[in-house]
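Let me begin by presenting the structure, written as structure tokens, before commenting on it.
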Amino acid sequence: MQINIRANWQAAKKGMDSVVGHARGMGSRIGGAFKGLKNILSSTAGMMGIGIGAAAAVAGVKKLIDKMDEIEDNAPKLGVTFAYFQKMQFAAERSGTSFQAVTSGFSRIKKLAGEAAAGLRSGTDAFAMIGMSVEQIKALSPEQLFDEVTKRLNLMEDPALRDAAAAGLFGKNFAELNNFLKDHLALGAELEARGGVI
């Protein structure tokens, strides 16, 4: 189930901060309780397991808070939803692509779409290479447009034509995006199916 974190993130973050504080306190209480039993226990493995478990819980919640802060800061700048931003990050990590290259590519597509809508050949020619008209471009959101560009590039059977179209759309760094473009739709769907999209 997807949650609109943009509207509710501050409240959710406050709740998670409270959980972190509670878990830290609980971890120290657990440690204190076991401290008096040191001489009775023949092994400290049990104590260590509990200590590590509490620390891992705190670290996990803290990591989630940091990750959501990053999304809250950057998704609106890129002009995408929280869910789409998470899918892009996941696909970048899994495909071994730098996230900066992905966001640069996304921004370039948005820029070319604006140029195409304004009737500039730099935009219309780039999209014409994958068979997209100005009307089709205008009808799509930036996320939908990026996904459509990906689909059309992946459907091109001639590698030379595909590379020429990708270079026209993504510029000189298109080669760095090859693995991402090939798999990002499937990887995004995988993340969503696993319930990993917040």
Side-chain angles (χ1 to χ4, degrees), residues 2 5-6 9 63-198:
Q2 291 186 15
I5 296 293
R6 183 171 301 174
W9 169 236
K63 186 175 179 182
L64 176 61
I65 290 171
D66 291 344
K67 186 82 164 173
M68 295 310 297
D69 276 340
E70 178 190 353
I71 295 171
E72 183 185 33
D73 289 341
N74 294 306
K77 291 177 188 173
L78 194 58
V80 297
T81 62
F82 276 51
Y84 196 81
F85 192 91
Q86 290 173 78
K87 290 177 184 179
M88 290 174 79
Q89 281 188 321
F90 178 74
E93 289 167 11
R94 286 283 298 273
S95 65
T97 309
S98 98
F99 193 58
Q100 183 178 355
V102 171
T103 56
S104 294
F106 187 89
S107 296
R108 183 174 163 90
I109 294 296
K110 281 176 59 178
K111 178 178 177 288
L112 286 172
E115 291 173 4
L120 300 176
R121 286 194 60 186
S122 54
T124 55
D125 287 357
F127 287 105
M129 294 183 79
I130 57 170
M132 288 194 76
S133 68
V134 174
E135 290 72 26
Q136 289 172 316
I137 295 163
K138 287 180 178 179
L140 300 174
S141 71
E143 293 175 14
Q144 291 170 329
L145 179 60
F146 191 76
D147 288 353
E148 185 63 25
V149 166
T150 299
K151 289 174 191 171
R152 288 177 183 241
L153 284 171
N154 287 332
L155 287 172
M156 296 178 78
E157 294 180 2
D158 186 320
L161 288 177
R162 183 173 59 241
D163 285 353
L169 289 160
F170 294 104
K172 61 183 180 181
N173 296 324
F174 80 93
E176 190 179 351
L177 292 169
N178 273 341
N179 289 337
F180 177 85
L181 294 172
K182 187 176 69 167
D183 296 327
H184 93 89
L185 293 173
L187 288 169
E190 176 189 327
L191 181 67
E192 193 165 17
R194 283 172 21 187
V197 175
I198 300 177

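The analysis underlying the following values was restricted to heavy atoms, covering all of them including side chains, and did not include hydrogens, waters or symmetry mates.
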Requested in this report: Mind jotting down which residue pairs meet the side-chain hydrogen bond (donor to acceptor under 3.5 Å, both in side chains) criterion with at least one end in residues 151-168? Sequence neighbours excluded, please.
Outcome: E148-R152
Query raised in the report: side chain to side chain contact (heavy atoms under 4.5 Å, CB included) between M132 and L145: does it pass, once the steps are laid out?
Result: CA-CA 10 Å; M132 288 194 76; L145 179 60; 3.8 Å; yes
Report task. Taking all heavy atoms of I137 and all of A116, pick out the closest pair and write down the distance. Result -> CD1-CB, 4.0 Å
Report summary line: With sequence neighbours left out, the residues meeting salt bridge (charged side-chain N to carboxylate O under 4.0 Å, His left out) with E176 are none
Report task. Locate the shortest heavy-atom distance separating G168 from A126; write the atom from each residue and the value. Result -> O-CB, 3.7 Å
Query raised in the report: Picking from L177, V149, V80, what satisfies side chain to side chain contact (heavy atoms under 4.5 Å, CB included) with F106?
Result: V80
Query raised in the report: At their closest point, which heavy atom of R108 faces which heavy atom of A167, and how far apart are they?
Result: NH2-O, 4.3 Å
**Report entry** Partner set under side chain to side chain contact (heavy atoms under 4.5 Å, CB included) for A165, not counting sequence neighbours
**Finding:** M129, I130, L153, M156
Requested in this report: Go through L112 and F170 one step at a time and tell me if the side chain to side chain contact (heavy atoms under 4.5 Å, CB included) criterion holds.
Outcome: CA-CA 9 Å; L112 286 172; F170 294 104; over 6 Å; no
Requested in this report: Just jot down the side chain to side chain contact (heavy atoms under 4.5 Å, CB included) partners of E190, sequence neighbours excluded, or say none.
Outcome: F90, R94, L187, R194
Requested in this report: Could I get the full list of side-chain hydrogen bond (donor to acceptor under 3.5 Å, both in side chains) partners for T124, not counting sequence neighbours?
Outcome: none
Query - Shortest non-hydrogen contact from Q100 toward T103 - result: O-OG1, 3.0 Å
Requested in this report: Determine which pairs satisfy side-chain hydrogen bond (donor to acceptor under 3.5 Å, both in side chains) with at least one residue from residues 179-189, sequence neighbours left out, and list them in order.
Outcome: T150-H184
Report task. Any chance you could measure F99, atom CZ, to M88, atom CE, to the nearest 0.5 Å? Result -> 5.0 Å
**Report entry** For D147, all residues meeting salt bridge (charged side-chain N to carboxylate O under 4.0 Å, His left out), sequence neighbours excluded
**Finding:** none
Query raised in the report: Quick one: salt bridge (Lys or Arg N to Asp or Glu O under 4.0 Å) pairs with a partner in residues 120-143, sequence neighbours left out?
Result: R121-D125
**Report entry** Gap separating the OG atom of S122 from the NZ atom of K111, nearest 0.5 angstrom
**Finding:** 6.0 Å
Report task. Indicate the ring-plane relationship of F146 and F180, choosing parallel, tilted or perpendicular according to the 30° and 60° boundaries. Result -> tilted
Requested in this report: For V134 and F127, run side chain to side chain contact (heavy atoms under 4.5 Å, CB included): C-alpha distance rounded to whole Å, both residues' side-chain angles, the deciding distance at 0.1 Å, then the answer.
Outcome: CA-CA 8 Å; V134 174; F127 287 105; over 6 Å; no
**Report entry** Point-to-point distance, once rounded to the nearest 0.5 Å, from CD of Q144 to CD of Q136
**Finding:** 12.5 Å
